[in-house]
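Taking it in order: structure first as structure tokens, then the write-up.
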Amino acid sequence: MDFKEGLEPVSPTGQYFTSSVLLISIIVVFEFEVPIKLMPIMTCLHDAFLVDPRLSSVMVTDIKGGKQWKRVEVDVQDQVRIPIFPTGLSPEAYDGYVEDYISEIAMDQFPQNKPLWEVHIIQYPTTNAAGNLIFKFHHSLGDGYTLMGVLISCLQRADNPSLPLTFASRRRLGLESDQTSVFRMVPQFFSLIFNTISDFGWSLLKTNLIKDDLSPIRSGDEGLEFRPTTISTTTFSLDHIKFIKTKLGVSINDVITGIVLYGSRLYMQEISHKSSQEHSTAIVLHNTRTISGYKSVQEMIKPDSDAPWGNRVTYLYVPIPKISELKSINPLEFVLRAHKIIKKQRNSSLVYFNSSLLTIIDKLRGPEAAAGYIYKAISHSSMMISNMIGPMEQMALANHPVKGFYFMTAGIPQSLNITMMSYMGDLRVAIGSEKGFLDPHKFKSSIDNAFAMTRPGKI
């Protein structure tokens, strides 16, 4: 990462995320076990965040219309907000204040004269935490992998800070090892070609011509990215998910995607029985990095880094199965269907073709047109699903033990957004729903019921 005279060109993907049609940011919420002490938090932020030139830069437009990162002097205090709520309320009451506050900052736009990140310190106890620390990053800064690396740089193991945090492997189950037999390579090669052509063709049609049906999870209204979002969360045991993974011989990602799709269909049927036949699609985000494990800020910004800073995310379309299409009303059927679809697309070159197509559109028509293509891909589908791997041990930030944490993508033109984060043997599912359209309590209950129906005694 070379900043000549304080300037560095914004990457193509970064320009898409700062266009007039895409205003996407990432919000990360840390829930602390102890009340927040300001000075240690501020010191930690200064030491960890200002190491990276990107976090110490603002985005400017040059005389040719190109966007550049420009280094500036940054005072961490200017990036921090500390909201004031009424005092003396119950934790349940502060739950509502925090929920409304997150919904409000999710809609706020970043000021152009400051770096594109903020920290919000909430010093009021909720039912989940003694205090909350909220990070908001503009997506042009990087993807979830990059931003997790930033956060990891200021986190330590709560039990022993001298030991590193460890993370589960990102390797997916079910992928075959390299085969040397020509009898296996030839059919795999032709299967790759066929899957790539069919998947890419469907992706083009879906993005440009085919919109999902309006349903209880898709309002289809214009300007959804500017509307308030309600965020709710629920937690599940990773051991439970691993049991299903082993039973079916699929990946953890397949299990959680399938169960979320099943819960979504349960909600749709509860709101409107006819919605069981409506065509609905989920966009499942996919990171194209092949490296396992997160890297620190210092490692990511090296010129020859094997895990460079930036956005390396593409997407897969996964249709939400209709109940009538399945052999039985069983959540495992959804898991197997999700596994089949995702494996087929990952065994093609779809993710790389999608990335190449955006590059071609950018070259021919400019970044605004490429951003418009991404906008259509998102808005023509019903929901987005993304997941991240968190530490296996409890972590602490400036000696504040983290009880739990989750993230949410803000500013997407959809009514429903699902994110998942593993941490200390649990999976935290965050649900972002269009306020006033989806019923967040009923939807969360549907997701809970879908997971409950996959317990060992139920299957």
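Computation of the quantities below employed the complete heavy-atom set of this structure, encompassing side-chain atoms and omitting hydrogens, waters and symmetry-equivalent molecules. Along the sequence shown, the residues carry numbers beginning at 1.
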Quiz item: At their closest point, which heavy atom of L427 faces which heavy atom of S422, and how far apart are they?
Solution: CD1-N, 4.0 Å
Quiz item: Would you say H400's side chain and L397's backbone share a donor-acceptor pair under 3.5 angstrom?
Solution: yes
Self-check item: Residues, nucleotides or ligands: over 12 heavy atoms within 6.0 Å of Y97 OH
Solution: no
Quiz item: Going by the angle between their ring planes, with limits at 30° and 60°, are H139 and F17 parallel, tilted or perpendicular?
Solution: parallel
Quiz prompt | Check against side-chain contact (heavy atoms from CB on, under 4.5 Å), K67 and V60 | solution = CA-CA 6 Å; K67 293 181 178 179; V60 298; over 6 Å; no
Quiz item: Just how far is it from atom CD1 of I122 to atom CG of L133, taken to the nearest 0.5 Å?
Solution: 9.0 Å
Self-check item: Point-to-point distance, once rounded to the nearest 0.5 Å, from CG of L23 to OH of Y375
Solution: 9.5 Å
Quiz prompt | D95 (side chain) donor-acceptor with T126 (main chain) under 3.5 angstrom | solution = no
Quiz item: With a 4.5 Å limit on heavy-atom distance, are the side chains of Y352 and T314 in contact?
Solution: no
Exercise. Output yes when R54 and E8 qualify as a salt bridge under the 4.0 Å nitrogen-oxygen rule, no when they do not.
Key: yes
Quiz item: Is the backbone N or O of D108 less than 3.5 Å from a side-chain atom of K136, with the two atoms forming a donor-acceptor pair by type?
Solution: yes
Quiz item: So which heavy atom on F167 is nearest to which on P391, and how close?
Solution: CE2-N, 3.4 Å
Quiz item: I241 versus F451: any side-chain heavy-atom pair under 4.5 Å?
Solution: yes
Quiz item: Between Y101 and H120, does the ring centroid distance fall short of 6.0 Å?
Solution: yes
Practice problem: Might you point out which heavy atoms bring W117 and L141 nearest each other, and give the distance in Å? | Solution: CB-CD1, 4.2 Å
Quiz item: Testing K343, H339, K340 for side-chain hydrogen bond (donor to acceptor under 3.5 Å, both in side chains) with D254, which one passes?
Solution: H339
Quiz item: Sub-3.5 Å donor-acceptor pair from the side chain of T359 to the main-chain atoms of S355, do we have one?
Solution: yes
Quiz item: Would K206 and D212 pass as an ion pair if we require N to O under 4.0 Å?
Solution: yes
Quiz item: So, the side chain of K444 versus the backbone of S232: is there a donor-acceptor pair under 3.5 Å, distance only?
Solution: no
Quiz item: Any donor-acceptor pair under 3.5 Å linking the side chain of S381 with the backbone of I378?
Solution: yes
Quiz prompt | Heavy-atom side-chain proximity of M383 to S264 below 4.5 angstrom | solution = yes
Quiz item: Have S215 and D213 got a donor and an acceptor in their side chains that come within less than 3.5 Å?
Solution: no
Quiz item: Does the T146 side chain pair with the main chain of G310, one donor and one acceptor, at a distance under 3.5 Å?
Solution: yes
Quiz item: Going by distance alone, is a donor N or O of one side chain under 3.5 Å from an acceptor N or O of the other, for Y315 and H286?
Solution: no
Exercise. Using a 4.5 Å cut-off on heavy atoms from C-beta on, say whether the side chain of M148 contacts that of I152.
Key: yes
Quiz item: More than 12 heavy atoms of other residues, nucleotides or ligands under 6.0 Å from NZ of K211: is that the case?
Solution: no
Quiz item: Knowing that exactly one of V28, I431, I231, I27 qualifies, which makes a side-chain contact (heavy atoms from CB on, under 4.5 Å) with Y406?
Solution: I231
Quiz item: With a 4.5 Å limit on heavy-atom distance, are the side chains of M420 and S386 in contact?
Solution: no
Exercise. Mind running side-chain contact (heavy atoms from CB on, under 4.5 Å) on T257 and L261 for me, showing each step along the way?
Key: CA-CA 6 Å; T257 300; L261 296 183; 4.2 Å; yes
Self-check item: Salt bridge flag under 4.0 Å for residues K114 and D78
Solution: no
Practice problem: Calculate, to the nearest 0.5 Å, the distance between atoms CZ and OG1 belonging to R218 and T281 respectively. | Solution: 9.0 Å
Exercise. Keeping the roles fixed (side chain from E393, backbone from T166), state whether a donor-acceptor pair exists under 3.5 Å.
Key: yes
Practice problem: Report the distance from atom OH of Y317 to atom CG of N354, rounding to the nearest 0.5 Å. | Solution: 8.0 Å
Quiz prompt | Nearest non-hydrogen partners of P115 and V74, listed with the distance | solution = CG-CG2, 3.7 Å
Quiz item: So how far is it from D62 CG to K70 NZ, rounded to the nearest 0.5 Å?
Solution: 12.0 Å
Practice problem: Step by step, work out the side-chain hydrogen bond (donor to acceptor under 3.5 Å, both in side chains) result for T235 and D426. | Solution: CA-CA 7 Å; T235 304; D426 288 326; over 6 Å; no
Practice problem: Using distance alone, with no hydrogens and no angle criterion, decide if Y16 and N311 have a side-chain donor and acceptor under 3.5 Å apart. | Solution: no
Practice problem: Check for a donor-acceptor pair, side chain of K37 on one end and backbone N or O of N399 on the other, with a separation under 3.5 Å. | Solution: no
Practice problem: Assess whether side-chain hydrogen bond (donor to acceptor under 3.5 Å, both in side chains) is satisfied between S433 and T230, documenting all intermediate values. | Solution: CA-CA 5 Å; S433 56; T230 299; 4.8 Å; no
Quiz prompt | N-O pairing of K435 and D100 below 4.0 Å | solution = yes
Self-check item: Residues S103 and T229: side-chain donor-acceptor under 3.5 angstrom
Solution: no
Quiz item: Does a side-chain N-to-carboxylate-O contact under 4.0 Å join R428 and E31?
Solution: yes
Quiz item: With L50, which of L55, L45, D75, V76 fulfils side-chain contact (heavy atoms from CB on, under 4.5 Å)?
Solution: V76
Quiz item: Can you find a pair of side-chain heavy atoms, one from P319 and one from I341, that are under 4.5 Å apart?
Solution: yes
Practice problem: Tell me yes or no: between the side chains of E368 and S20, is some donor less than 3.5 Å from an acceptor? | Solution: yes
Quiz item: Should we say atom CZ of F353 is surrounded by more than 12 heavy atoms from elsewhere, each under 6.0 Å from it?
Solution: no
Exercise. I would like to know whether K344 and D199 meet salt bridge (Lys or Arg N to Asp or Glu O under 4.0 Å); could you show each step before the answer?
Key: CA-CA 9 Å; K344 176 177 176 290; D199 292 341; 2.4 Å; yes
Practice problem: Measure up the F137 and F49 rings against each other and bin them: parallel (under 30°), tilted (30 to 60°), perpendicular (over 60°). | Solution: parallel
Quiz item: When you look at S219 and L214, which way does the side-chain contact (heavy atoms from CB on, under 4.5 Å) test go after all the steps?
Solution: CA-CA 6 Å; S219 69; L214 300 183; over 6 Å; no
Quiz item: With side chains defined as the heavy atoms from C-beta onward, is the minimum distance between E118 and F135 less than 4.5 Å?
Solution: no
Self-check item: Side chain proximity check, L357 to F200, heavy atoms < 4.5 angstrom
Solution: yes
Practice problem: Could you pull out the closest heavy-atom pair between L116 and S140, with the gap in Å? | Solution: CD1-OG, 3.6 Å
Quiz item: Which pair of heavy atoms, one from I121 and one from P83, lies closest together, and at what distance?
Solution: O-CD, 3.2 Å
Quiz item: Can K403 be said to sit on top of F30's aromatic six-ring, NZ or CZ under 6.0 Å from centre and within 45° of the ring axis?
Solution: no
Quiz item: Judged by modelled atom types alone, do S379 and Q414 share a side-chain donor-acceptor pair under 3.5 Å?
Solution: no
Quiz item: Would W202 and T207 count as a side-chain contact (heavy atoms from CB on, under 4.5 Å) if you check the C-alpha gap in whole Å, the side-chain angles of each, and the deciding distance to 0.1 Å?
Solution: CA-CA 8 Å; W202 164 246; T207 301; over 6 Å; no
Quiz item: Is a side-chain N or O of R265 found less than 3.5 angstrom from the main chain of I320, in a donor-acceptor match?
Solution: yes
